[in-house]
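By convention in this document, chain letters (A, B, ...) are assigned in the order of the sequence lines, proteins followed by strands, and residues within each chain are numbered from 1. If you're wondering where the values come from, they're calculated on a predicted model, not measured in any experiment.
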2 protein chains.
Amino acid sequence: MRRRSTTLTEQELEIMKIVWERDQTTVRDVYESLLEHRKVAYTTVMTMMNILEQKKYLKKRLADRAYIYRPAQPKGQVIGDMVRDFVDRVFNGSAEPLLLHLVQEHDLSPAELEEIARIRRKS
Amino acid sequence: MRRRSTTLTEQELEIMKIVWERDQTTVRDVYESLLEHRKVAYTTVMTMMNILEQKKYLKKRLADRAYIYRPAQPKGQVIGDMVRDFVDRVFNGSAEPLLLHLVQEHDLSPAELEEIARIRRKS
DNA sequence: ATTTTCGTACTAATTAATTAGTATGCGGCG
DNA sequence: CGCCGCATACTAATTAATTAGTACGAAAAT
């Protein structure tokens with residue numbers, strides 16, 4: 001059988017982005033934010049957020065009438081996991097070929113590269 | 001409804017990697033190659049390769065008794081599309097934050113970075 | 001010539017992902 | 001009090017992704 005993906009799916013990520021930028025939020029908040037871009041049912045958002053809670057991406061806490069949701073893991077961590085998963089799946093774990101694609105197709109200037117190299121040298 | 005993903009799924013990619021490295025292959029070839037790593041049915045591989053043909057990732061040509069499959073698009077192109085899709089989905093289209101993750105977590109040496117910068121400067 | 005082998009076509013079954021509906025509870029207000 | 005608004009829980013439905021089975025034809029082997 002197909003195994004459940006360990007990283008965030010497309011819709012899950014869309015919701016997590018909203019939660020991360022607010023840090024603290026409700027189903028309604030997220031629902032309204034999503035509505036600005038596309039049609040979606042309130043209950044759909046709730047279901048997704050429940051799944052995200054099961055998957056340990058969100059924590060909820062009952063406050064007054066509605067649950068308040070917060071990220072359960074820092075954004076950098078989660079995104080880092082996604083990057084690692086992508087590098088593993090697509091490039092068998094080696095980051096260099098991905099770098100090559102990036103510099104060749106995503107208009108990264110040499111200056112930006114130098115900048116990155118400098119940061120790297122310091123760490 | 002959920003829209004069909006435009007890029008390769010996990011299993012599709014696994015098969016395409018095998019096809020790319022052989023350039024020309026059959027269902028049986030791929031099947032046996034996959035078997036070295038995990039249990040899978042011959043017909044499953046065939047179904048996947050048919051889907052890949054529908055999605056225009058593979059071309060097939062009847063030779064003698066079995067179909068011979070070839071990539072319909074160059075590997076660099078397809079992988080490039082996957083990278084772009086990832087950058088769009090995860091980083092809203094900007095490559096720099098991805099670069100930062102790469103240098104921080106995938107042990108890229110400064111030397112490798114210089115190397116990339118050099119390649120970039122030439123293009 | 002009959003059986004075995006190997007290939008495809010077609011179809012089915014399962015699971016995750018996604019979207020949404022129905023039932024129900026609670027607090028506030030006319 | 002009884003209804004309205006809003007929240008959740010539970011369940012259902014749909015689609016893509018994935019895995020695999022059955023039927024069947026043609027070539028090869030005996």
Check your understanding: Would you call B:E21 and B:K17 a salt bridge, using N to O less than 4.0 angstrom?
Key ->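 Between B:K17 and B:E21 there is no salt bridge, as every charged N stays at least 4.0 Å from the carboxylate O atoms.
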
Review point. Hey, are B:E14 and A:R89 close enough for a salt bridge, meaning a charged N less than 4.0 Å from a carboxylate O?
Key: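 Salt bridge absent between B:E14 and A:R89.
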
Give a yes/no on whether any side-chain N or O of [X] is located under 4.0 angstrom from OP1 or OP2 of [N].
X     : N      : result
B:K55 : D:dA17 : yes
A:Y31 : C:dT19 : no
B:T9  : D:dA16 : no
A:K60 : D:dA9  : yes
B:Q11 : D:dA17 : no
A:R38 : C:dT19 : yes
B:R28 : C:dC6  : no

I need the [atom1]-[atom2] distance between [X] and [N], as an integer number of Å.
X     : N      : atom1 : atom2 : result
B:Q54 : D:dT18 : CD    : P     : 14 Å
A:L8  : C:dT18 : CG    : C1'   : 15 Å
B:E14 : D:dA17 : CD    : C1'   : 14 Å
A:L62 : C:dC26 : CG    : P     : 12 Å
A:M49 : C:dT19 : CE    : P     : 15 Å
B:N50 : D:dA16 : CG    : P     : 17 Å
B:I51 : D:dT19 : CD1   : C1'   : 10 Å
A:E32 : D:dC6  : CD    : C1'   : 12 Å

Study note, to complete from the structure: For nucleotides 20-27 of chain D, 5' to 3', base contacts (B), sugar-phosphate-only contacts (S) and non-contacts (-) with protein non-hydrogen atoms under 4.0 Å give BBB--B-S

Point to revise | Heavy-atom donor-acceptor pair, B:E105 side chain to A:R84 backbone, under 3.5 Å | key: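 Not confirmed, B:E105 side chain does not pair with A:R84 backbone.
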
Exercise for review: Report yes or no: does A:S94 contribute a side-chain atom to a donor-acceptor pair with the main-chain N or O of A:E96 at less than 3.5 Å?
Suggested key: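 Judged by distance alone, no pair lies under 3.5 Å.
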
Review point. Base, sugar-phosphate alone, or nothing: which one does A:Y42 contact when heavy atoms must sit under 4.0 Å apart?
Key: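 The answer is base, as A:Y42 lies within the cut-off (heavy atoms under 4.0 Å) of a base atom.
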
Point to revise | Flag side-chain contact, heavy atom, 4.5 Å: A:Y69 against A:K59 | key: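 A side-chain contact is absent here, since even the closest heavy-atom pair is not under 4.5 Å.
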
Review point. Relative to the ring of A:F91, is the ring of A:H101 parallel (under 30°), tilted (30 to 60°) or perpendicular (over 60°)?
Key: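 Taking A:F91 first and then A:H101, their aromatic rings sit tilted (interplane angle of 30° to 60°).
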
Point to revise | B:Y31 and B:Y42 aromatic ring geometry - parallel, tilted or perpendicular at 30°/60° bounds | key: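 Answer is perpendicular, since the angle exceeds 60°.
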
**Study point:** Listed nucleotide nearest any side-chain atom of A:E12, set C:dT18, C:dT8, D:dT18
**Key:**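 Ranking C:dT18, C:dT8, D:dT18 by closest atom to the A:E12 side chain puts C:dT18 first.
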
